[in-house]
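Encoded as structure tokens, the structure appears first; notes follow it.
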Amino acid sequence: MRINKIIASLLLIPLLGFGQNKTYCNPINLDYGYCPIPGFVTQGKHRATADPVITFFKDEYYLFSTNQWGYWHSQDMSHWKFESRKFLRPEHKVYDELCAPSLSFVHDTLLVVGSTHTKEFPIWMSTHPEKNEWKELVHKSEAGAWDPQIFWDPDTDKVYEYYGSSNLYPLYAVPLNRKTFQPMDEPTPVLALNDDEHGWERFGEHNDNTFLQPFTEGAFMTKYHNKYYLQYGAPGTEFSGYADGVYVGKNPLGPFEYQSHNPFSYKPGGFARGAGHGATFQDAYSQYWHISTIGICIKNNFERRLGIWPAGFDADDVLYSNMAYGDYPTYLPAQQKNHLNGSFAGWMLLNFNKPVQVSSTLGGFQPNYAVDEDIKTYWSAKSAAAGEYLISDLGEKSNIYAIQINYADQDAELMGKPESTTGHQYVIYISNDGKSWKKLIDKSKNTTDVPHDYIELEKPSIARYVKLENIQMPTGKFAISGLRVFGLASGQKPGMVQNFVPLRSVPKIKGERRNAWLKWQQEPQADGYVIYFGKSPDKLYGSIMVYGKSEYYFNGLDKSDRYYFQIEAFNASGIGPKSEIKIAE
């Protein structure tokens, strides 16, 4: 019955004006709300959200995240509809809207509660969230806490709350009364960071700050094969190394043991970086996914987006997320998918660091920043006028399968949700000679907000040049952090990477064993590399994407354990063979 409803809903999508995408691309394309920069409002406003959670409930996906004045829902995990709603009562003047909310269900009822340092927020309930129908389940939750998650154990019909966000205190758990949803006991400490042992838990952009205490936050519980997987985020939301780890126990209140293969959600490299404070959920086909926070953190530390990653449990019940090529086109939920190797569409980035032409440039926001595969840098035109453009030269005629447009919100003036704007309006042209242009995508009459628009073409197009021309912006100047063209070029794939060596202090010699220096010989055909790592040669679940370099300083190791590493090169034509696996004792 569930599958039939999903198929029926997908058949309706063309009637609603949507394409039938088979893929998506991170950051996911949502109408993220705008917030002012605290204390620096004159510098403008920025889009911001984080701390996401998705659950699949009554044949739809529901997505809540920080300060969004409502929530999204979707039947296919591709096209999201926003429902505007305030979940806080008028007396909560100090808060604007839900921060780091909990989203879960008990039987046929969806439950939502936000973060609070006080014990006065309501727990909301709904049996028809698709209609935006909600009422209070609990008027004042005595279990009020920051970064909460209410977890219902369907096997025992018991309810627990996990919470915590601090660089001083641990995460806590408390059982809730099944009828009143109020605490039944005193909170139990269940998890604390151990950054002396776990390099990835250290503070800093590259897990390299040993002077400041890292944060643990974002508690989330998943039950699998009668074991309880307590997930947590560290070391800080503003860092590319922001990640999620997991401890495993046989009881919902612990004790919990550190999963050897950690962090299980980690993306320090590539275009969209950071994969912490998230939630693990199942899709319509019972396959697992993980949603988490992506950091931009330029206009403000809390300028953030959301990413969804294929995840799962392996044959040994190890929780993993597959981050390899995680910000390239990825297949949407489907039957019979193996998330360890069957999610990446295989469409490569065609315009990394290729030549760019633009209509104008604002200050130091230079054109090449639109194709440098760094979401933290961007090109901006001098205005938002119709006719401002960016031309990307792919270098050769290539097969184009999809395009992602990432806007940068330069000089944005909005606050709150962009519901009243006319949306981003643009046209994309293609050419083989840079002179004669053919219209490929026409969104000149678009009325929706698409800050990370992703267009999957019905049929591949062949071209060398791609031109993005502005028609109208919802706010701010025409600015692009990434015009990303995906497909396949006609050249050769890279060869196998040679002389790959992981260097690390040996156990018997004093040294920093949480770090490793990874060095290799530059592959002439490569645009970049993906480094795989893990504590077992058959579980290289961690991955790091590196562009244009032949070395990487990795500071995310666990001190006491042996590691295995492997590397592959990639370019616009595809992926080369993996290297021999190397050991770092």
Side-chain angles (χ1 to χ4, degrees), residues 16-18 24-38 40-52 62-74 78-88 95-99 101 132 272 293-300 302-308 375 378 380-381 383-386 388 404-427 441 443-455 468 470-483:
L16 296 172
F18 297 127
Y24 72 98
C25 191
N26 288 316
I28 58 175
N29 184 37
L30 299 171
D31 51 338
Y32 301 95
Y34 291 87
C35 297
I37 299 176
F40 300 95
V41 178
T42 56
Q43 293 186 12
K45 298 179 175 64
H46 62 284
R47 292 181 189 266
T49 196
D51 322 317
Y62 289 87
L63 166 56
F64 281 68
S65 61
T66 288
N67 290 344
Q68 292 304 292
W69 303 274
Y71 59 97
W72 295 273
H73 58 106
S74 171
S78 176
H79 306 104
W80 294 91
K81 179 183 178 182
F82 184 74
E83 299 288 351
S84 180
R85 187 174 187 87
K86 294 291 184 74
F87 284 92
L88 300 187
Y95 301 95
D96 186 47
E97 198 25 59
L98 291 184
C99 185
N132 202 358
T293 305
I294 291 170
I296 299 178
C297 309
I298 297 300
K299 299 178 179 68
N300 180 267
F302 302 109
E303 182 187 15
R304 298 165 293 179
R305 302 292 191 270
L306 305 181
I308 300 176
I375 200 171
Y378 59 90
S380 178
S383 74
E388 294 274 23
Q404 186 190 41
I405 306 167
N406 299 274
Y407 288 90
D409 300 319
Q410 177 65 27
D411 296 330
E413 298 178 350
L414 292 177
M415 173 60 186
K417 292 301 292 184
E419 296 170 288
S420 61
T421 73
T422 56
H424 300 82
Q425 297 178 354
Y426 63 87
V427 178
I441 299 165
K443 290 207 173 184
S444 59
K445 300 185 186 302
N446 175 54
T447 58
T448 58
D449 189 65
V450 287
H452 299 279
D453 208 7
Y454 175 69
I455 307 96
L468 171 63
N470 181 55
I471 303 298
Q472 183 171 287
M473 292 287 295
T475 184
K477 294 181 172 62
F478 183 52
I480 304 295
S481 66
L483 174 60

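These numbers come from the heavy atoms of this one structure, side chains and all, not from hydrogens, waters or symmetry mates.
- Checking side-chain atoms of R305 against main-chain N and O of R47 turns up a donor-acceptor pair under 3.5 Å.
- Ring geometry for Y32 versus W72: interplanar angle over 60°, hence perpendicular rather than tilted (30 to 60°).
- The NZ atom of K477 sits 6.5 Å away from atom OG of S380, with the distance rounded to the nearest 0.5 Å.
- Under the rule for a side-chain hydrogen bond (donor to acceptor under 3.5 Å, both in side chains), N470 has no partner lying at least two apart in sequence or in another chain.
- Within the model, atoms CG of N406 and CD1 of I296 stand 8.0 Å from one another, a figure rounded to the nearest 0.5 Å.
- The cationic group of R85 lies under 6.0 Å from the six-membered ring centre of F87 and within 45° of the ring axis, placing it in a cation-pi geometry.
- Applying the side-chain hydrogen bond (donor to acceptor under 3.5 Å, both in side chains) test to Y407 and every residue at least two apart in sequence or in another chain returns nothing.
- For the pair I375/P27, a side-chain contact is recorded, criterion being any heavy-atom separation below 4.5 Å from C-beta on.
- Heavy atoms only, all atoms of each residue included: A384 and G476 are closest at CB-O, 3.2 Å.
- A381 pairs by the side-chain contact (heavy atoms from CB on, under 4.5 Å) definition with S360, W379, E388, F478, not counting sequence neighbours.
- A distance of 10.5 Å separates SG of C35 from NZ of K45, quoted to the nearest 0.5 Å.
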Exercise. Apply the test side chain to side chain contact (heavy atoms under 4.5 Å, CB included) to residues R304 and I294: give CA-CA distance (whole Å), side-chain angles for both, the deciding distance (0.1 Å), then the verdict.
Key: CA-CA 6 Å; R304 298 165 293 179; I294 291 170; over 6 Å; no
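- Side-chain atoms of I405 and L483, non-hydrogen and from C-beta on, do get closer than 4.5 Å to each other.
- Pairing each heavy atom of Y426 with each of I471, the nearest pair is CA-CG1, 3.7 Å.
- In terms of heavy-atom proximity, D453 sits nearest to K443 at OD2-NZ, 2.8 Å.
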Practice problem: Verify side-chain hydrogen bond (donor to acceptor under 3.5 Å, both in side chains) between N29 and W80, making sure each step is shown before the conclusion. | Solution: CA-CA 9 Å; N29 184 37; W80 294 91; over 6 Å; no
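- What you find for Q410 and A479 is that their closest heavy atoms are CB-CB, 3.7 Å.
- Atom CG of N132 sits about 9.0 Å away from atom CZ of F82, to the nearest 0.5 Å.
- Taken from CD in E83 to OH in Y71, the straight-line distance is 5.0 Å, to the nearest 0.5 Å.
- When all heavy atoms are compared, the tightest approach of G33 to W69 is CA-CZ3, 3.9 Å.
- Judged purely by atom type and a 3.5 angstrom limit, Q68 uses its side chain to pair as donor or acceptor with the backbone of A48.
- Partners of S78 according to the side-chain contact (heavy atoms from CB on, under 4.5 Å) rule, which considers only residues two or more places apart in sequence or in another chain, are N21, D76, L332.
- Between the T293 side chain and the D51 main chain, a donor and an acceptor come within less than 3.5 Å of each other.
- Formation of a donor-acceptor pair under 3.5 Å by the D409 side chain with backbone atoms of H46 is not found in this model.
- Side-chain contact between K417 and D31: present, with at least one pair of heavy atoms (C-beta onward) separated by less than 4.5 Å.
- Every residue meeting the side-chain contact (heavy atoms from CB on, under 4.5 Å) condition with E413, not counting sequence neighbours, appears here in chain and number order: T475.
- Qualifying side-chain contact (heavy atoms from CB on, under 4.5 Å) partners for Q472, counting only residues two or more places apart in sequence or in other chains: T422, Q425.
- Pairing each heavy atom of T49 with each of S65, the nearest pair is OG1-OG, 2.6 Å.
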